Amino acid sequence: MTAKDGMYMYEADQQAWVKFPKQLFDDVLSQTGMQPDAAEQLEMLQSFAEDFTLNETASRYELTLKGSGEKFTELVKQQLGVMDLGMDADLEGQLGNMSFDNLTYKLLINKETFDVEEIAMDMTLSMKVEGNSIKTRQQTTIKYHDFNAVTTITIPKKC
C-alpha cells in the first residue's frame, strides 16, 4: 500500500501484480484507526488473571488462558463490543444464543524480542438455532516468522 499509488498484491500463481480498486484502498485505510484500546482490553482481562498460566522455555514465554462457561462468554461479548464491528441487531441477538466453552488460548512470545511467534486457540462453541442445539469445536494455530525480513518491495510501473 502506498498513499500515492494505492493498494497492490502480488499473485504468485499468475506471477503478476494486481492493483486493487481505489474504494478497497480507502476502506482498508479507514479501518486502520479502529483498533481496540489496549488498556481497555487489559482491564477486561484483569478478572481472568487467575485463569492465566505462564510457562517459560529456553527461548519463549508461553502464556495460556483457559476459560469456560458464562464468565468467558461475557468476555467474548465484551471484546466484540469494544471492536465496534457495526453488528446489526440480528447478529447481536445471535450472540445471546451462544456460549463459548472449554477455551484454551495460548500465546508463544519470544523472550529476546517479545515478538508473538504463535497463537493457538482451541474452543468449543455452543449455539441454539431455531430450538436446536449445535456444538462446534474449533482449533486454530497462527504462526508468525521472518520478522522484518522484507526490505524493499518494488511494484512494476505496468500492472
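Everything numeric in this text was worked out from a predicted model, so none of it was measured. Heavy-atom basis, side chains included; hydrogens, waters and symmetry copies ignored.
How far CD of Gln15 is from OH of Tyr10: 5.0 Å, rounded to the nearest 0.5 Å. Rounding to the nearest 0.5 angstrom, the gap separating the CG atom in Leu107 from the CZ atom in Phe52 is 7.5 Å. Residue Trp17 holds its CH2 atom at 10.5 Å from CD of Glu11, rounded to the nearest 0.5 Å. If you take CG on Asn55 and OG1 on Thr64, they are separated by 6.5 Å, rounding to the nearest 0.5 Å. One finds the OG atom of Ser59 at 9.0 Å from the CG atom of Leu108 (value rounded to the nearest 0.5 Å). Going from atom CZ of Arg60 over to atom CG of Asp115 covers 11.5 Å, rounded to the nearest 0.5 Å.
Contact of the Glu118 side chain with the Thr141 side chain is registered, since non-hydrogen atoms from C-beta on lie closer than 4.5 Å. Contact of the Asn110 side chain with the Thr113 side chain is registered, since non-hydrogen atoms from C-beta on lie closer than 4.5 Å. With contacts defined as side-chain heavy-atom distances shorter than 4.5 Å, the pair Ile119/Tyr144 qualifies.
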Enumerate donor-acceptor pairs with a distance under 3.5 Å from any side-chain N or O in residues 120-128 to protein atoms, sequence neighbours excluded.
residue : atom : partner : partner atom : Å
Asp122  : OD1  : Arg137  : NE           : 2.9
Asp122  : OD1  : Arg137  : NH2          : 3.4
Asp122  : OD2  : Arg137  : NH2          : 2.5
Asp122  : OD2  : Gln139  : NE2          : 3.4
Ser126  : OG   : Asp101  : OD2          : 3.1

**Request:** Assess whether side-chain contact (heavy atoms from CB on, under 4.5 Å) is satisfied between Met7 and Lys19, documenting all intermediate values.
**Result:** CA-CA 6 Å; Met7 187 168 144; Lys19 183 174 182 177; over 6 Å; no
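With sequence neighbours excluded, the residues satisfying side-chain contact (heavy atoms from CB on, under 4.5 Å) with Gln23 are Asp27.
Aromatic ring orientation, Phe114 versus Tyr61: parallel (interplanar angle below 30°, classes split at 30° and 60°).
For the pair Glu56 and Lys111, the salt-bridge criterion is met [side-chain N within less than 4.0 Å of a carboxylate O]. Between Glu117 and Lys143 there is no salt bridge, since no side-chain N of the basic residue sits under 4.0 Å from a carboxylate O of the acidic one.
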